[in-house]
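Heads up, the thing below is written out as structure tokens.
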Amino acid sequence: MPVRASIEPLGWENAFFGINSALVRPDPAAPELTIAALEGWTRVQAKIAAAETGTLDALQRLGFSLVEGEVDLALSVAEAAPISGVEIANITDIAPLRRLAAQAFAQSRFRPPWYAAEASARFYAQWIENAVRGTFDHQCLLLRAADGTIRGYVSLRELNDAEARIGLLAGRGAGAELMQAALGWAQARGKKRLRVATQMGNTAALKRYIQSGANIESTAYWLYR
């Protein structure tokens with residue numbers, strides 16, 4: 001089957017990574033996707049629902065390769081018990097948070113051979129800095145150890161009047177507390193649902209989200225050409 005899709009430049013990613021990349025968006029009203037249309041780009045990404053096997057097969061015939069599976073989950077925001085010791089990250093926390101995020105998310109879809117070896121670490125370090133500054137995710141919450149070091153953090157973004165989304169969440173042994181902190185943040189803003197996504201292969205994160213009350217809403221695959 002042919003794939004009909006638009007090809008949209010990824011402006012922010014192109015500037016950040018220094019490559020000429022685009023995203024394929026399936027659209028029955030768009031022209032048929034061809035190899036000639038794809039060859040003008042250094043990298044072309046596609047995120048396709050796991051159930052759309054025909055589209056997945058067609059993209060692989062066009063030279064796309066499977067890079068990563070993704071699971072999207074959602075939790076109902078009920079009354080959350082307050083968590084002691086939760087802080088809003090500030091500018092002075094950016095340097096240690098950047099180091100932690102670079103280590104925690106070093107393996108992702110921004111990895112070799114598709115991107116430079118340091119690209120993933122640099123991308124997530126910038127993500128958490130932007131969250132602290134409120135320029136992507138709206139806020140970053142953190143937990144500190146007794147010695148003042150950061151033992152866990154979660155970034156959060158308001159999507160609309162009813163929903164918020166977790167961006168990055170990391171902290172060995174602090175997952176349950178961070179989830180409660182995120183739910184409390186969403187509740188305080190009148191949200192009804194809290195969304196979060198993770199890699200299919202990240203079974204520890206999936207287990208934590210499900211134990212915290214999340215339900216799987218959708219699965220998808222990232223493919224690159």
Side-chain angles (χ1 to χ4, degrees), residues 8-23 43 45 47 67-68 70 72-73 83 85-112 114-160 163-186 188-189 191 194-199 202 204-205 208-209 222 224:
E8 302 175 8
L10 291 168
W12 187 90
E13 286 190 21
N14 290 347
F16 187 80
F17 292 118
I19 62 173
N20 183 31
S21 63
L23 178 69
R43 177 79 57 246
Q45 306 177 14
K47 182 182 178 182
V67 175
E68 179 177 287
E70 184 175 289
D72 202 69
L73 306 97
I83 298 295
V86 177
E87 301 177 23
I88 297 172
N90 59 51
I91 299 300
T92 62
D93 296 311
I94 286 176
L97 282 168
R98 285 184 64 96
R99 290 192 293 271
L100 290 169
Q103 296 164 3
F105 304 102
Q107 292 299 316
S108 76
R109 63 186 182 87
F110 300 110
R111 65 179 187 275
W114 310 104
Y115 292 85
E118 79 288 351
S120 183
R122 189 163 60 91
F123 176 81
Y124 289 102
Q126 190 62 52
W127 184 335
I128 202 65
E129 176 174 340
N130 290 352
V132 176
R133 296 184 184 277
T135 58
F136 180 57
D137 288 344
H138 293 124
Q139 207 159 64
C140 176
L141 307 179
L142 53 81
L143 300 169
R144 294 190 193 276
D147 62 1
T149 58
I150 297 169
R151 64 184 184 92
Y153 56 92
V154 56
S155 69
L156 294 138
R157 180 166 75 256
E158 295 188 65
L159 300 177
N160 50 49
E163 295 184 321
R165 178 174 284 279
I166 291 172
L168 302 181
L169 184 151
R172 190 177 300 276
E177 292 170 273
L178 291 168
M179 287 300 295
Q180 283 300 110
L183 285 165
W185 186 92
R189 287 155 179 78
K191 308 306 180 187
L194 179 63
R195 295 187 172 276
V196 62
T198 191
Q199 298 162 312
N202 192 344
R208 164 47 51 209
Y209 299 147
W222 282 97
Y224 289 171

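Side chains of Leu141 and Glu177 form no contact here, defined as non-hydrogen atoms less than 4.5 Å apart. Counting only heavy atoms from C-beta outward, the side chains of Cys140 and Val154 never approach each other to under 4.5 Å. You'll find the side chain of Leu100 reaches within 4.5 Å of the side chain of Ile150, heavy atoms only. Between Arg151 and Arg172, the closest side-chain pair of non-hydrogen atoms is not below 4.5 Å. Contact check for Arg144 versus Thr149: no side-chain heavy atoms found under the 4.5 Å cut-off. The shortest side-chain heavy-atom distance between Glu158 and Arg189 falls under the 4.5 Å cut-off. Two residues are said to be in side-chain contact when any heavy atoms from C-beta on lie closer than 4.5 Å; Arg43 and Asn20 fail this criterion. Taking the side chain as every heavy atom from C-beta outward, Gln126 and Glu129 approach each other to under 4.5 Å.
Below 30°, between 30° and 60°, or above 60°: for Trp114 and Tyr224 the angle between ring planes is above 60°, a perpendicular geometry.
Of the possible donor and acceptor atoms, none in the side chain of Asn202 sits under 3.5 Å from a partner among the backbone N and O of Gln199. With hydrogens and angles ignored, the 3.5 Å screen pairs a side-chain donor or acceptor of Ser155 with a backbone N or O of Leu168. Proximity of a side-chain donor or acceptor of Lys191 to a complementary backbone N or O of Arg165 within less than 3.5 Å is not detected. A distance-only check finds no donor-acceptor pair linking the side chain of Glu70 to the backbone of Thr198 [under 3.5 Å]. At distances below 3.5 Å, at least one donor-acceptor pair connects side-chain atoms of Arg111 with backbone N or O atoms of Ser108.
A donor and an acceptor atom, one from each side chain of Arg157 and Gln139, are nowhere located under 3.5 Å apart. No hydrogens or angles considered: nothing links the side chains of Tyr124 and Arg98 as a donor-acceptor pair under 3.5 Å.
Taking each heavy atom of Leu169 and Phe105 in turn, the nearest pair found is O-CZ, 3.8 Å. Taking all atoms of both residues into account, the shortest heavy-atom contact from Ala102 to Ala125 is CB-CB, 4.4 Å. The two residues Asp72 and Ala197 come nearest to each other via the heavy atoms OD1-CB, 3.5 Å. In this structure, Leu178 and Ala170 approach most closely via the heavy-atom pair CD1-O, 3.5 Å. In terms of heavy atoms, Pro112 sits closest to Ala117 at CG-CA, 3.7 Å.
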Please evaluate residues Met179 and Ile166 with respect to the criterion side-chain contact (heavy atoms from CB on, under 4.5 Å), reporting the C-alpha separation (whole Å), side-chain torsions for both, the decisive distance (0.1 Å), and the verdict. CA-CA 9 Å; Met179 287 300 295; Ile166 291 172; 3.8 Å; yes
Please walk me through it: do Tyr115 and Glu13 pass side-chain contact (heavy atoms from CB on, under 4.5 Å)? CA-CA 11 Å; Tyr115 292 85; Glu13 286 190 21; 3.8 Å; yes
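Taking the six-membered ring for Trp and the full ring otherwise, Phe17 and Phe110 have centroids separated by under 6.0 Å.
Between the OH atom of Tyr209 and the CG atom of Leu73 there is a distance of 8.0 Å, given to the nearest 0.5 Å. To the nearest 0.5 angstrom, Asp137 atom CG is 7.5 Å from Ile128 atom CD1. Atom OG1 of Thr135 is separated from atom CG of Asn130 by 3.5 Å, given to the nearest 0.5 angstrom.
By the 6.0 Å and 45° rule, Arg122 stacks over the aromatic ring of Phe16.
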